[in-house]
Amino acid sequence: LEHQADVNRIVHDLVVDLGGSISAEHGIGMLKREELARYKSPVELGMMRAIKAALDPLGIMNPGKIL
């Protein structure tokens, strides 16, 4: 557990370099919220927030999640 953040960074960098994504169909959970900002542009993050706001204007579905 001591090296978890370092291992995640190595794996995520490699995955993104190979054209992959750090998330899957289940989306980004609380543990990867900060990581998402490293791998997605501000435009992509804004689009994700806009989609969430359009589908869930009251923020009651999956609160605290980006999408």
| request: Quick one: pull up CG in Asp13 and CD in Glu35 and give me the separation to the nearest 0.5 Å. | output: 8.0 Å

| query | Do you reckon Val15 sits in the same ILVMFWY cluster as Val7, going by side-chain contacts under 4.5 Å, direct or chained? | reply | yes

| said: side chain to side chain contact (heavy atoms under 4.5 Å, CB included), that's the test. Do Leu36 and Glu44 meet it? Break it down for me. | reply: CA-CA 10 Å; Leu36 189 61; Glu44 290 170 311; over 6 Å; no

| field | Met47 reachable from Val16 in the ILVMFWY side-chain graph, under 4.5 Å edges | value | no

| query | Given side chains that start at C-beta, do those of His12 and Arg38 come closer than 4.5 Å, heavy atoms only? | reply | no

| Got Leu14 and Ile10 here, is their nearest side-chain heavy-atom distance under 4.5 Å? | no

